[in-house]
Amino acid sequence: MDIKDLRSRIDSIKQQTNGSVHTGKSQREKKPRPDAGKTLLDNGWNRISEMVYEKVSVINNILPEAVSDILLDESCNTAENKTMIPAENFVFYDTETTGLSAGAGNIVFLAGFGFLETSNDATTTGKTYLKIVQLFLSDFPGEPAFLERMKKYITPDRIYVSYNGKSFDANILRSRYAMNAMQIDFGYQLDLLYSSRRLWKNIIGACSLGDIEREVLDKRRALDVPGFMVPDLYFDFIRTARWDTIEGVNAHHLEDISSLAELLAVHEQLFAEAGEHILPGNYKPAEYIDALGLASLLADKRPEKAALVLSSAFKGGNHKAGAGLSIIHKRAGRWDDAVIIWNRLWDDGKSIFAAVELAKYYEHRAHNIEKALGITNDVLGLERFRITGIKQELEKRKKRLITKLN
DNA sequence: TCAGCAATGTCTGCTAAGCT
DNA sequence: AGCTTAGCAGACATTGCTGA
């Protein structure tokens, strides 16, 4: 994007949010939008204290019903000895801030928490929906009251789901509570950035939440506020107290939280169907998943599923998946299965990894020194070693095998 | 008994990438 | 832009097994 495109994009966003495109004319000359005089209170926000506002929205998109323990580690007390955790234990959260650093000058002005709840309404009983509570700070002095109100939604016994929240949101929040001499006890942090990278990085490249929304969730935002503009728009709001200045940011923030819930649902769907060849309807087909990444996520808690994923990918011609599967077989003592894979990898693609494994197998397991030497000579003849250490290792092996043979 | 090998674990340093 | 995290590679230590 060149500077001209960027300028026009910024103008069009400003036009949507407050009509204040920079035209060279003074503020006084500009014609305000008809709704420019609206306040937070006109837009569904409730005033909690002088500078703190709160809004509740209900979203009915694709939501996780129960969530597996696959993405959680042993430090998560909520998941202790459970393979499935009720969705009510998960809180989806996101913040908007005045900058990127965790330093003193950067504050959180918008925080949102999404709770999965089940309807008690007579007509929709049992239906799960996402209730999102947004908290807005309308000016800096209200920060202590803002943080105090937020404590209502942060409890140590829940699992807090975010996108890059481990690095960003949680740290900034902790730092704001510390700056205000207040205590906060966050629950377990589940950051979907890292699992998303494993699943899609090799397929779609960049894995920002926006990329994931577009490529995986198939969501298109009509006109979104780019992150880098958020601080400026908030500062405009502080100066002008015009609600329409910040309207786009709040909408963007609500979308982000809603997408988090949907993204967790996609993870769950993938885990549930791992190893099966068809992923139905809502999301991209199986070829759109990095089999190695999915298997690596499943490896600890569902090793049998990880093996199924790799096996199915290997059948489809993914040699790296075959290599991974062979190591699982080897560790489990299933040598015959491992040898079949190594032979195929060697025959089909002259895989150095497979050849080294076969040489080890014939030397130490099958005690067939001639065969071990044969494959060692074959692979040494390839002359396409990226890692010189492997070649040296093979030459050492060759020397040893010749001695053994004699 | 001991040397050599393979596997595994730990530590360190570096890089890439996400958030507003 | 600043900060944090995970992943990766390389170096090194430890353990267990095997065969001379």
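Because the structure is predicted, anything quoted here is derived from the model rather than measured.
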Where do N or O atoms of nucleotides 17-20 of chain B meet protein N or O atoms at under 3.5 Å, pair by pair?
unit_1	atom_1	unit_2	atom_2	d
B:dA17	OP1	A:Lys201	NZ	3.3
B:dA17	O4'	A:Arg197	NH2	3.2
B:dA17	O3'	A:Arg197	NH2	2.9
B:dG18	OP1	A:Cys207	N	2.4
B:dG18	O4'	A:Arg197	NH2	3.3
B:dG18	N3	A:Asn164	ND2	3.1
B:dC19	OP1	A:Leu209	N	2.9
B:dC19	O4'	A:Asn164	ND2	2.9
B:dT20	O3'	A:Glu96	OE1	2.8
B:dT20	O3'	A:Thr97	N	3.2
B:dT20	O3'	A:Thr97	O	3.4

Can you check nucleotides 4-9 of chain B for protein contacts, nitrogen or oxygen pairs under 3.5 Å, and list what you find?
unit_1	atom_1	unit_2	atom_2	d
B:dC5	OP1	A:Arg400	NH1	2.8
B:dC5	O3'	A:His364	NE2	3.3
B:dA6	OP1	A:His364	NE2	3.2
B:dA6	OP1	A:Arg397	NH1	2.7
B:dA6	OP1	A:Arg397	NH2	3.0
B:dA7	OP1	A:Lys330	NZ	2.3
B:dA7	OP2	A:Lys360	NZ	2.6
B:dT8	OP1	A:Arg331	NE	3.4
B:dT8	OP2	A:Arg331	NE	3.2
B:dT8	OP2	A:Arg331	NH2	3.2

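For an aromatic pair to be called close, the ring centres must be under 6.0 Å apart, and A:Trp200 with A:His267 satisfies this. For A:Tyr93 and A:Phe186, the ring centers sit closer than 6.0 Å to each other.
The 12-atom threshold is not exceeded at NZ of A:Lys320, counting heavy atoms of other residues, nucleotides or ligands nearer than 6.0 Å. Crowding of A:Glu50 atom CD: a count of heavy atoms from other residues, nucleotides or ligands under 6.0 Å not exceeding 12.
Residues A:Tyr234 and A:Leu137 come closest through the heavy atom pair OH-O, 2.6 Å. Nearest heavy-atom pair across A:Ala323 and A:Phe353 is CB-CE2, 3.4 Å. Between A:Ser258 and A:Ile59, the shortest heavy-atom contact is OG-CG2, 3.8 Å.
Between the CG atom of A:Leu192 and the P atom of C:dT5 there is a distance of 16 Å, rounded to whole Å. The distance between atom OH of A:Tyr194 and atom P of C:dT4, rounded to the nearest whole Å, is 12 Å. Rounded to whole angstrom, the span from the CD1 atom of A:Ile369 across to the C1' atom of C:dT18 amounts to 12 Å. The CD-C1' distance, from A:Gln189 to C:dA6, rounds to 15 Å in whole Å.
Judged purely by atom type and a 3.5 angstrom limit, A:Asn106 uses its side chain to pair as donor or acceptor with the backbone of A:Ser101.
Using a 4.0 Å heavy-atom cutoff across all strands shown, A:His367 reaches sugar-phosphate atoms only and no base atom. A:Arg174 comes within 4.0 angstrom of nothing in the nucleic acid, heavy atoms only.
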